[in-house]
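One structure is given here, and the rest of the page talks about it.
In what follows, chains carry the letters A, B, and so on, assigned in the order in which the sequence lines appear, proteins first and then strands, with residues in each chain numbered from 1.
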Amino acid sequence: MTLLLPEAVDTRALGTRIGAAAVRGDLVLLTGPLGAGKTVLAQGIGAGLGIERGIVSPTFVLARVHREGRIPFVHVDAYRLGGRAELDDLDLDSDLAESVTVVEWGAGLAERLGAEHLQVALRREPGSDVRTATLTASGPGWAARLPTLSR
Amino acid sequence: MPELVLGIETSCDETGVGLVRGTTLFADAVASSVAEHVRFGGVVPEVAARAHLEALVPTLRRALGEAGVRRSDIDAIAVTAGPGLAGALLVGTSAAKAYALALDRPLYAVNHLAGHVAVDTVEHGLLPTPLVALLVSGGHTSLLLVDDVAHTIRTLGATVDDAAGEAFDKVARLLGLPYPGGPVIDRIAADGDPAAIAFPRGMTGPRDAPYDFSFSGLKTAVARWVEACEAAGRPVPVADVAASFQEAVADVLTAKAIRACREHGVGDLLVGGGVAANSRLRTLAEQRCAAAGLRLRVPRPRLCTDNGAMIAALGARVVAAGVTPSALDFATDPGLPVERVSL
């Protein structure tokens with residue numbers, strides 16, 4: 001499913017719908033180049049979980065856990081992780097079953113953190129601020145919820 | 001005579017050990033693992049933690065040698081308890097606890113961000129109160145109102161997305177420049193025109209939070225500009241992009257810091273953290289403080305980046321304020337808010 005996101009508020013709103021639909025144990029992988037809107041989408045997911053403030057880039061610390069919402073929100077930046085061993089070193093497993101985990105730059109590395117996941121590929125159209133988001137569900141849980149994410 | 005305070009800092013990629021008595025710096029030994037992080041384009045927690053483990057004891061010996069003192073001369077120990085990388089913090093705090101126990105000296109678990117403020121005492125003497133502090137680094141961008149660095153600090157605003165130093169790293173990545181981005185952009189910007197490209201100033205609208213920052217949109221604007229240039233088949237004017245980007249960052253940081261001073265009736269501004277080493281930020285802060293009639297304090301670049309002296313300097317203030325030492329079983333806190341100066 002591919003959605004057109006004309007402005008940052010639309011990216012945030014998509015995130016909010018994902019956050020509102022999320023249940024414990026969910027894994028969401030965000031892909032897209034620098035400036036594609038990954039952090040804005042993550043802030044929207046936080047808002048959908050009831051976390052209105054404080055979701056800032058996890059780049060420096062690699063992983064942040066926000067507990068103010070209805071489900072704990074684990075926000076990871078995997079850009080600097082060289083492989084499985086380094087992902088394991090973050091010790092994420094402990095929280096995952098109880099949390100919604102969102103991994104930026106996690107494609108090809110973080111899929112195994114959950115039995116299934118939702119992948120959101122963000123792309124910015126050259127020369128404009130319009131983004132597209134391609135949502136791919138890897139299992140039945142997200143596949144069933146995919147229609148609710150479109151609007 | 002004030003106590004000789006040992007400070008241990010391991011919150012990120014620098015292993016720092018400092019010795020401070022009062023406001024006098026006796027030693028500032030730093031071992032950096034930054035070279036080991038270059039291949040990743042940033043700090044990797046486990047690499048940092050292992051590097052701290054290897055560097056800590058040699059760095060402490062070096063600090064004692066620099067100061068010409070023995071371990072038994074240490075009166076108190078201060079250590080960074082947060083914010084920072086969890087594994088990295090554990091190395092420093094474990095060492096500090098061991099030294100406190102072995103030497104039978106009081107231990108103070110202190111806040112890394114407050115250390116960036118307190119370090120200026122060893123360069124420019126005791127801090128005026130109140131003071132507005134602008135802290136800018138790879139992991140933090142905050143405006144603080146400091147009533148007493150030993151125990152009363154309030155956050156006025158902070159970044160809502162990327163830290164300023166992170167924006168430097170990411171823009172460097174966009175321009176094909178190496179990590180860390182701060183020093184290389186500063187150097188290349190010297191040959192560019194800061195007015196060449198009008199990059200956006202984030203969070204400066206009338207309805208935006210006056211003391212919060214946003215650098216994510218700026219990063220996107222740079223990405224767009226570079227793309228458009230490449231799409232048109234023109235060579236990217238890297239120096240102009242670097243200079244214009246750096247100007248946008250320095251402009252917003254200084255404008256908001258000066259506004260915070262004015263609106264809180266504060267006459268002194270301190271700029272600290274690794275990004276305070278940026279030449280354009282320093283120059284613009286000087287010009288705007290002079291124009292606004294504010295006194296500016298910026299520690300020398302060596303003291304702006306992470307080091308043990310800042311923790312020793314903060315420890316000296318905390319000890320002087322008569323704060324109760326920390327219990328030996330205190331826990332590190334990777335997200336420690338600056339309001340908690342000591343645990």
Over 12 non-hydrogen atoms of neighbours within 6.0 angstrom of CD in A:E125 = yes

Side chains of B:K170 and A:Y79: closer than 4.5 Å at any heavy-atom pair?
-> no

Residues in residues 215-227 of chain B that sit under 4.5 Å from chain A, counting heavy atoms only | B:K219, B:T220, B:A223, B:R224, B:E227

Count the heavy atoms of every other residue, nucleotide or ligand shown that sit under 6.0 Å from CZ of B:R154, and state whether that count exceeds 12.
-> no

Residues of residues 25-40 of chain A under 4.5 Å from chain B (heavy atom pairs)?
-> A:L34, A:G35, A:T39

Could you check if a side-chain atom of B:D212 sits within less than 4.5 angstrom of a side-chain atom of A:R53, using non-hydrogen atoms only?
-> yes

